[in-house]
Amino acid sequence: MAPNVYALVDCNNFYVSCERVFRPELVGVPVVVLSNNDGCLISRSDEAKALGLRMGEPYFKARPFLEQHRVRVFSSNYPLYGDLSRRVNLVLGQFSPEVEPYSIDESFVRLAAPVQHRPDYQALALAIRAAVLQQVGIPVCVGVAPTKTLAKLANRRARHVSGGVLILDSPESQAMALAATAVRDVWGIGRRQAPKLLAADIGTAAELAAATEGWVRRNLGGVVGVRLWRELRGEPCLSWHPRPEADDEAEGRRHSVTYTRSFGQPQRGQPVLCEAVATFAARAAEKLRRHELAAHLVTVLLGTDRFAATTEGATRTAVIYLPQATQDTSTLLAAARRGLAQLYQPGAAYVRAGVLLSGLEPPGQPQLDLFTPIEPARLQEQQQLMRTLDSLNHRFGRDAVRYAATGTRAAAWAGRNGFRSPAYTTSWEELWQVK
DNA sequence: TCTGGGGTCCTAGGACCC
DNA sequence: TCTGGGGTCCTAGGACCC
């Protein structure tokens with residue numbers, strides 16, 4: 001049987017490219033997009049990279065430099081990026097039924113096992129690139145190889161190749177690419193492992209691939225390292241999960257749903273924190289219902305400033321167990337409030353909070369709690385209310401209808417996002433206008 | 001004044017059971 | 001007086017990813 005071939009399609013400077021789709025005047029000039037809360041730089045155009053701006057640089061430090069060089073700055077606009085990401089995947093679906101979105105800006109495409117003698121992957125990769133650019137307006141790079149890890153490696157190198165595609169379908173081309181790739185740039189080798197490998201005289205991906213399996217098992221995180229090592233040698237070991245949220249099989253189901261945010265200003269008062277946590281719980285609950293799941297565990301997180309010199313800086317958590325898994329906002333809200341009450345310490349200055357829902361299962365699973373079973377009629381009522389709430393908010397905009405506990409819109413704890421572009425494609429109020 | 005957020009996978013270790 | 005070993009389940013924490 002012919003082996004599979006994987007293409008990794010990666011959108012170039014994705015968030016910046018999204019902003020450029022609707023503002024052609026941004027093409028050719030330095031542009032950056034900031035993280036939530038306008039905290040740091042998370043996407044840079046090539047021009048911004050050329051100015052020496054680094055990924056993850058705090059915005060407040062870079063600001064004078066950005067102004068001096070007239071860099072265009074945007075707050076992140078996730079509804080817009082998420083929608084364009086979806087459109088990119090639709091285009092990829094024209095080339096293969098097997099598309100696995102890996103992150104908002106990257107997808108793996110499994111290409112049909114080649115029937116003919118030597119398929120022209122180069123031409124195919126170029127066609128993918130042209131189609132995404134033409135139909136969505138986003139430039140991408142494409143790496144093609146027999147394993148996911150090699151496809152990632154090919155993609156990385158494709159960025160510096162004219163045409164933006166690189167095919168590693170022969171042992172010779174793979175050997176060359178491995179020799180030219182620093183080991184710290186291999187997918188799965190992070191900040192911790194890279195120095196360890198260097199100390200063992202392993203500086204390139206080729207040198208890692210040439211190590212013995214026993215050495216890798218002992219020194220590179222056991223089974224995880226061995227899997228990575230095999231993938232580099234062309235043996236596929238990573239599994240394939242097409243359309244992760246579409247199917248309801250236990251296999252591909254997610255394990256948690258989180259909503260955490262930093263505050264615009266440190267917060268000390270319990271009522272304000274209560275509103276923030278209630279808001280985050282309501283958001284997490286929406287996400288839970290979107291994925292058609294219910295949660296048994298509600299974890300509340302409360303964090304103090306980890307950069308402050310005077311305090312410890314720590315995130316503390318409280319876990320509330322719900323005997324019956326639920327996707328009902330008011331039940332989750334009440335649990336979150338109990339968690340907050342356990343955590344809250346008067347006087348502490350909190351800079352971030354969050355809600356994590358876990359112990360997930362499909363809603364309406366058989367009841368295990370024998371003592372306080374919720375009545376089926378009441379359960380149905382709850383579910384109907386949530387469906388109504390979600391559809392109203394979908395139709396009339398986020399927060400058209402919401403819980404009083406979540407407080408006012410102009411909340412004291414709200415984060416900054418001073419430079420946000422309109423949600424051109426997902427919000428009726430902000431639709432792109434042609435004049 | 002100002003440093004993001006949301007995930008996954010794996011392992012170690014404790015509690016408990018037989 | 002002696003005090004095993006295997007299994008399961010759970011949690012905390014590490015490492016990594018974009």
Side-chain angles (χ1 to χ4, degrees), chain A residues 8 10-15 32-43 54-64 66 73 75-78 81-82 85 100-108 148-149 152 155-156 184-197 217 219-228 237-239 241 244-245 251-266 280 283-284 287-288 291 296-297 299 301 303-309 313-317 319 321 349 351-360 415-419:
Chain A
L8 177 64
D10 182 305
C11 301
N12 303 345
N13 315 330
F14 184 55
Y15 299 167
V32 298
V33 175
L34 306 178
S35 64
N36 259 313
N37 209 23
D38 292 345
C40 42
L41 281 52
I42 50 169
S43 184
R54 284 167 301 121
M55 176 73 176
E57 206 169 328
Y59 171 59
F60 77 92
K61 282 189 185 166
R63 192 169 170 179
L66 294 169
V73 177
S75 301
S76 37
N77 183 349
Y78 290 103
Y81 310 152
S85 172
E100 178 189 326
Y102 173 68
S103 72
I104 194 165
D105 67 340
E106 282 176 48
S107 291
F108 287 103
K148 285 180 164 184
T149 305
K152 284 283 283 188
N155 186 286
R156 225 196 129 73
R184 66 168 175 278
D185 294 334
V186 171
W187 189 40
I189 302 296
R191 236 196 4 251
R192 279 313 221 273
Q193 302 287 11
K196 267 173 61 183
L197 290 169
R217 189 180 298 279
N219 296 285
L220 206 66
V223 294
V224 185
V226 171
R227 213 152 52 195
L228 189 159
C237 294
L238 296 178
S239 51
H241 326 262
E245 74 244 25
E251 207 60 33
R253 208 155 67 207
R254 61 166 61 221
H255 301 119
S256 64
V257 162
T258 328
Y259 197 97
T260 73
R261 285 293 178 274
S262 298
F263 302 142
Q265 302 292 329
F280 301 167
R283 293 268 188 264
K287 206 189 286 190
L288 195 64
H291 291 281
H296 270 296
L297 292 163
T299 304
L301 306 88
T304 53
D305 191 352
R306 67 186 198 280
F307 296 101
T315 298
R316 311 182 75 85
T317 60
V319 184
Y321 177 74
V351 300
R352 55 189 289 268
V355 172
L356 186 152
L357 305 177
S358 57
L360 304 185
R416 289 174 295 275
N417 63 340
F419 316 103

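Chain identifiers are assigned alphabetically (A, B, ...) following the order of the sequence lines, protein sequences preceding nucleic acid strands; residue numbering begins at 1 within each chain.
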Integer-rounded Å distance: B:dC10 P and A:L238 CG: 10 Å
Give the nucleotide from the list B:dG5, C:dC16, B:dT3 with an atom nearest to the side chain of A:N36. B:dG5
Expressed as a whole number of angstroms, how long is the span from A:L288:CG to B:dG7:P? 11 Å
Which part of the nucleic acid, if any, lies within reach of A:V33 when heavy atoms closer than 4.0 Å are counted: base, sugar-phosphate only, or nothing? nothing
Give A:R63 one of three labels, base, sugar-phosphate or nothing, depending on what nucleic acid heavy atoms sit under 4.0 Å from its own. nothing
A:G264 or A:G222, whichever maps to the more 5' nucleotide of DNA chain B: A:G264
Separation of B:dG5 C1' from A:Y15 OH (nearest whole Å): 9 Å
Can you check the A:L41 CG to B:dG5 P distance for me, whole Å? 15 Å
Who is the Watson-Crick or G-U wobble partner of B:dC9, with both distances under 3.5 Å? C:dG14
Students often get this wrong, so: under 4.0 angstrom with heavy atoms, is A:S256 touching a base, only sugar-phosphate, or nothing? sugar-phosphate
How is A:Y59 classified with respect to the nucleic acid when contacts are heavy atoms under 4.0 Å: base, sugar-phosphate, or nothing? nothing
Respond yes when some side-chain nitrogen or oxygen of A:T258 is under 4.0 Å from OP1 or OP2 of B:dG7, and no when none is. yes
Determine the contact category for A:E106: base if any of its heavy atoms lies under 4.0 Å from a base atom, sugar-phosphate if only primed atoms, P, OP1 or OP2 are that close, otherwise nothing. sugar-phosphate
NA contact type, A:E57, heavy-atom cut-off 4.0 Å: base, sugar-phosphate, or nothing? nothing
Classify the ring geometry between A:H296 and A:Y321 as parallel (under 30°), tilted (30 to 60°) or perpendicular (over 60°). parallel
Grab the CE-C1' distance between A:M55 and C:dC18 for me, whole Å please. 8 Å
If only side-chain N and O atoms of A:K152 are considered, is one of them under 4.0 Å from the OP1 or OP2 phosphate oxygen of C:dC17? no
Mind checking if A:D38 touches a base, just sugar-phosphate, or nothing, with heavy atoms under 4.0 Å? nothing
Identify, between A:R261 and A:Q265, the residue whose nearest nucleotide on DNA chain B lies closer to the 5' end. A:Q265
Within a strict 4.5 Å, meaning less than it, do heavy atoms of the A:L220 and A:I189 side chains meet? yes
Between A:N155 and A:W187, is any pair of side-chain heavy atoms under 4.5 Å apart? no
Taking only the P atom of each, what is the distance from C:dC18 to B:dT3 in whole angstrom? 25 Å
Length of the CZ-P vector between A:R352 and B:dT3, whole Å: 12 Å
When you measure from the side chain of A:S85 to the backbone of A:I104, do you find a donor-acceptor pair of N or O atoms at a distance under 3.5 Å? yes
Less than 4.0 angstrom between a side-chain N/O of A:R191 and OP1 or OP2 of C:dC17, yes or no? no
Check: A:L8 main-chain N/O paired with A:K152 side-chain donor or acceptor under 3.5 Å: no
May I ask you to decide if A:F14's main-chain N or O and A:D105's side chain share a donor-acceptor pair within less than 3.5 Å? no
Do A:S256 side-chain atoms and A:L357 backbone N/O form a donor-acceptor pair below 3.5 Å? no
Does A:T260 put a side-chain nitrogen or oxygen below 4.0 Å from OP1 or OP2 of B:dG6? yes
Over all strands shown, is A:K287 touching base, sugar-phosphate only, or nothing at heavy-atom distances under 4.0 angstrom? sugar-phosphate
Measure from CD1 on A:I42 to P on B:dG7 and round the result to the nearest Å. 15 Å
Please tell me if A:K61 has a side-chain N or O lying less than 4.0 Å from either OP1 or OP2 of B:dT1. no
Is there a side-chain polar atom (N or O) of A:S103 under 4.0 Å from OP1 or OP2 of B:dG7? no
Distance in angstrom units between A:I104 CD1 and B:dG4 P, rounded: 18 Å
If you look at every strand shown and take non-hydrogen atoms under 4.0 Å, does A:I189 touch a base, only sugar-phosphate, or nothing? sugar-phosphate
